[in-house]
Amino acid sequence: MIRAFVALPMPDPLRDRLEELGEDIDEGRPVDGENLHLTLAFLGEQRPELLEDVAVELESLAPPAPTVALRGVGAFGGGRPRSAHVEVQADLALTALRDAIRRACRRGGLELPHARFTPHVTVARFSTRAPAGEGLARWLARNAGFAAAPFQPPAAALYRSDLG
């Protein structure tokens, strides 16, 4: 079984900036630069053969490339944050791309559960043994005005995720 997702990669200069942003929290585990991405569809644990069929369907997509604009920061997990992220401004083309990816997955034999789409780029993760605290609160306040120049990412890619 392979844990997989479909995502947009970050351009190199922005990836470096986002990696530094995650390291600046002083809590949790910053996401390595090569792992920074904008997830469009989480596929979960799947058989390799099924992922091959999904990959064929994904390659046939030709939706317009979205413009991605990163603005602001946030955290998921409420009172016990599990991750810190940079927010992605809503964009109709980005939502259309996500919808096209979900349809391609369905054609490839993978039915994804309905999930609310909150576009973001995770820059740090927190565990229950090392929960976020004042460092995250200071980071959120310090970076509330974060903004990056909009960019058009290359095509979405199928990624493998190895938990460690």
Side-chain angles (χ1 to χ4, degrees), residues 1-11 14-15 18 21-22 28-32 34-128 131-132 136 140 143-144 146-148 150-164:
M1 298 292 274
I2 296 173
R3 186 173 188 261
F5 58 94
V6 181
L8 295 171
M10 296 290 105
L14 179 56
R15 187 174 57 215
L18 293 173
L21 197 64
R29 295 179 326 274
V31 175
D32 290 333
E34 69 258 8
N35 294 327
L36 291 165
H37 60 273
L38 192 168
T39 300
L40 297 171
F42 180 69
L43 309 183
E45 299 270 342
Q46 303 298 334
R47 295 182 332 275
E49 317 80 64
L50 179 59
L51 289 175
E52 288 175 17
D53 293 342
V54 167
V56 167
E57 291 298 332
L58 290 172
E59 288 174 6
S60 70
L61 292 180
T67 297
V68 176
L70 304 180
R71 300 275 186 277
V73 294
F76 289 126
R80 295 191 60 95
R82 61 185 188 279
S83 66
H85 61 269
V86 172
E87 297 172 347
V88 177
Q89 281 190 321
D91 177 78
L92 292 177
L94 185 62
T95 301
L97 175 59
R98 178 187 185 260
D99 293 345
I101 287 168
R102 290 178 61 83
R103 287 190 300 275
C105 288
R106 206 168 20 257
R107 288 191 306 273
L110 178 58
E111 192 65 42
L112 298 176
H114 178 72
R116 186 175 65 181
F117 184 43
T118 306
H120 66 281
V121 178
T122 300
V123 296
R125 298 186 191 289
F126 310 102
S127 71
T128 54
L136 174 61
L140 289 168
N143 293 289
F146 177 87
F151 65 97
Q152 282 195 303
L158 184 59
Y159 287 81
R160 175 186 185 136
S161 172
D162 295 311
L163 296 177

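Here CG of Asn35 is found 8.5 Å from CZ of Arg125. Values are rounded to the nearest 0.5 Å. Note: Leu14 CG to Leu36 CG = 8.5 Å, rounded to the nearest 0.5 Å. Separation of atoms CG (Leu94) and CG (Asp99) is listed at 10.0 Å; rounding is to 0.5 Å. To the nearest 0.5 Å, the span separating CZ on Arg3 from CG on Leu51 amounts to 12.5 Å. Here the straight-line distance linking atom CZ of Arg82 with atom OG1 of Thr128 works out to 12.5 Å at 0.5 Å rounding. Between the CZ atom of Arg80 and the CZ atom of Phe126 there is a distance of 12.0 Å, given to the nearest 0.5 Å.
The side chain to side chain contact (heavy atoms under 4.5 Å, CB included) test with Ile2 singles out one residue from Gln46, Arg47, Arg160, and that residue is Arg160. Each of Leu8, Val88, Leu40 was compared with Pro119 under the side chain to side chain contact (heavy atoms under 4.5 Å, CB included) criterion, and only Val88 meets it.
Using cut-offs of 30° and 60° for the angle between ring planes, the His120 and Phe76 rings count as perpendicular.
Side-chain contact between Tyr159 and Pro9 is present, with at least one heavy-atom pair separated by less than 4.5 Å. Under the 4.5 Å side-chain criterion, counting only non-hydrogen atoms from C-beta, Val6 is not in contact with Val54. Between Gln89 and Pro150 the shortest side-chain heavy-atom distance does not fall below 4.5 Å. The shortest side-chain heavy-atom distance between Arg106 and Leu112 does not fall under the 4.5 Å cut-off. You'll find the side chain of Glu87 stays beyond 4.5 Å of the side chain of Phe146, heavy atoms only.
Nearest heavy atoms, Ala55 versus Leu158: CB-CD2, 4.0 Å. For the residue pair Ala75 and Leu140, the shortest heavy atom distance occurs at N-CD2, 4.3 Å. Shown here for Ser161 and Phe5, the closest heavy-atom pair between the two residues is CB-CE2, 3.7 Å.
Listed for the Arg71 side chain is a donor-acceptor partner under 3.5 Å among the backbone atoms of Ala148. Using a distance-only test at 3.5 Å, with no hydrogens or angles considered, a donor-acceptor pair links the side chain of Arg102 to the main chain of Pro113. Between the Asp91 side chain and the Ala93 main chain, a donor and an acceptor come within less than 3.5 Å of each other.
The side-chain hydrogen bond (donor to acceptor under 3.5 Å, both in side chains) contacts involving residues 51-69 comprise Glu57-Arg107, where partners must be two or more places apart or lie in separate chains.
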